[in-house]
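Below: the structure, in structure tokens.
These numbers come from the heavy atoms of this one structure, side chains and all, not from hydrogens, waters or symmetry mates. Predicted model only: the values in this text are computed from it and were never measured. Ligands are counted one by one from 1 in listed order, and the atoms in each one are counted from 1 as well.
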Amino acid sequence: MTFTTLGLSDSLLRSVAHTGYTTPTPIQAQAIPAVLSGGDVMAAAQTGTGKTAGFVLPMLQQLGANARAKPGRARALILTPTRELAAQVHQSILTYGKNERLTSAVVFGGVNITPQLRALRRGVDLLVATPGRLLDLYQQKAVRFDDLELLVLDEADRMLDMGFITDIRRILKLIPQRRQNLMFSATFSREIRQLAGTICKNPIEIDVSPRNLTVEAISQKLYWVEKERKARLLCDLVQDTHEQVLVFARTKHGADKLVKRLGKNSISASAIHSNKTQAQRTRVLDNFKKNKIQVLVATDIAARGIDIELLPVVVNYDLPHAPGDYIHRIGRTGRAGASGQAISFVTRDEKKQLRAIESLIKRNIECLNTKH
Ligand code: AMP
């Protein structure tokens, strides 16, 4: 299958060709025609499936056919839970929209609001935003939604987890009733379905089955290890692989401590978590992408939506409390068809979490050492 059969315009196909992608991923193959049909879409797809291009490409086409944005107004709104994801979605808009005559902006908290006020003044066709900052900007009369045609909730499950539901409800009251809605979520829990019920009208449902992605494309292994020996084990693993490794730690403090420990063993490492400023996070991510550091240590929330291509190894230094987070975490490896490895360090105290994860992924994770 190629991109040419999906109904995209020549100019969009040119920008896709420029990225080097030739085959649409399953979510793209299903979401692109669905969005182009003008109906609402509810898609179960996690990061790593190519979902961003799955909504950005058809949105650019839908918006391109109509009038341009009026001053101070937005025609499409894409809400994301984190700044990093917002920045990445915007980057996709710039990449795929480079041949379109559409304007875009990205706004999120933690940075100076003035340039964002300025960016919105002339009006934008596509606005990517985190909910809190968007409401701030609305209150400051920087943007209105009277002409809004399209609403996207990206990683809706994470938005609920992070407590954005009140902000989302507020935003829904500010936008026109008549619009196209797209909802993307790693899973469709009861809560997500409830939210979808208040947002979407007869949505086309798409499921690219994240469980299959996890189970089939990613080799999952575990080590039973005592808490005090985790750091040593990680140093050994990292030194053995020579590959770049994304490590998940449970706490910010734990992440920082681990970076120090890795440094003492001459391993280049940095941490990304919510106590870091936006500038620090961007720099760390950039260094990691450029292969200037070997190990990135992240907490769940900070790691959400980080877009790193073809990450070979993910280590769960601590198991996540919510089993669903395990799937999000290991989704960072083996993305878009490449194979990946996920290694979990499990202490006796984490046995219960392990069982919950195994029952969610419906398989036992192979153990690399003897159980204690
Ligand atoms: P996403 O799930 O949107 O975060 O995308 C995951 C990764 O897959 C990104 O790094 C994209 O650049 C990449 N990607 C998107 N579409 C394709 C495609 N059709 N073929 C190969 N890789 C892709």
inquiry  = How long is the straight-line distance from CD1 of I27 back to CZ of F55, given to the nearest 0.5 Å?
reply    = 10.0 Å
task = Answer with side chain, backbone, both or neither: which part of T23 has a heavy atom less than 4.0 angstrom from an atom of ligand 1?
result =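 For T23, the contact with ligand 1 is made by the backbone alone.
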message = Please classify the Q28 to ligand 1 contact at 4.0 Å (heavy-atom distances, strictly less than): side chain, backbone, both or neither.
response =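 For Q28, the contact with ligand 1 is made by the side chain alone.
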Numbered atoms of ligand 1 (with element) below 4.0 Å of [X], judged on heavy atoms:
{"X": "T25", "result": "17 (C), 18 (C), 19 (N)"}
{"X": "G50", "result": "1 (P), 2 (O), 3 (O), 5 (O), 6 (C), 15 (C)"}
{"X": "F3", "result": "19 (N)"}
{"X": "T52", "result": "1 (P), 3 (O), 4 (O)"}

By side-chain hydrogen bond (donor to acceptor under 3.5 Å, both in side chains) - contacts of Q140 (at least two apart) = none
request  = Look at the side-chain heavy atoms of Ile, Leu, Val, Met, Phe, Trp and Tyr, link any pair under 4.5 Å apart, and say whether L172 and L77 land in one connected group.
outcome  =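 Yes: a chain of side-chain contacts under 4.5 Å links L172 to L77.
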inquiry  = Below 3.5 Å, N or O to N or O, backbone or side chain included: is there any such pair between P24 and ligand 1?
reply    =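 Checking ligand 1 against P24, no N or O pair falls under 3.5 Å apart.
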request  = For S15 and T95, run side chain to side chain contact (heavy atoms under 4.5 Å, CB included): C-alpha distance rounded to whole Å, both residues' side-chain angles, the deciding distance at 0.1 Å, then the answer.
outcome  = CA-CA 7 Å; S15 64; T95 303; over 6 Å; no
request  = Pick out which of L153, L151, V128 makes a side chain to side chain contact (heavy atoms under 4.5 Å, CB included) with I78.
outcome  =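 Running side chain to side chain contact (heavy atoms under 4.5 Å, CB included) over L153, L151, V128 with I78 returns exactly one hit, V128.
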inquiry  = Test: salt bridge (charged side-chain N to carboxylate O under 4.0 Å, His left out). Region: residues 183-194. Which pairs qualify, not counting sequence neighbours?
reply    = R193-E205
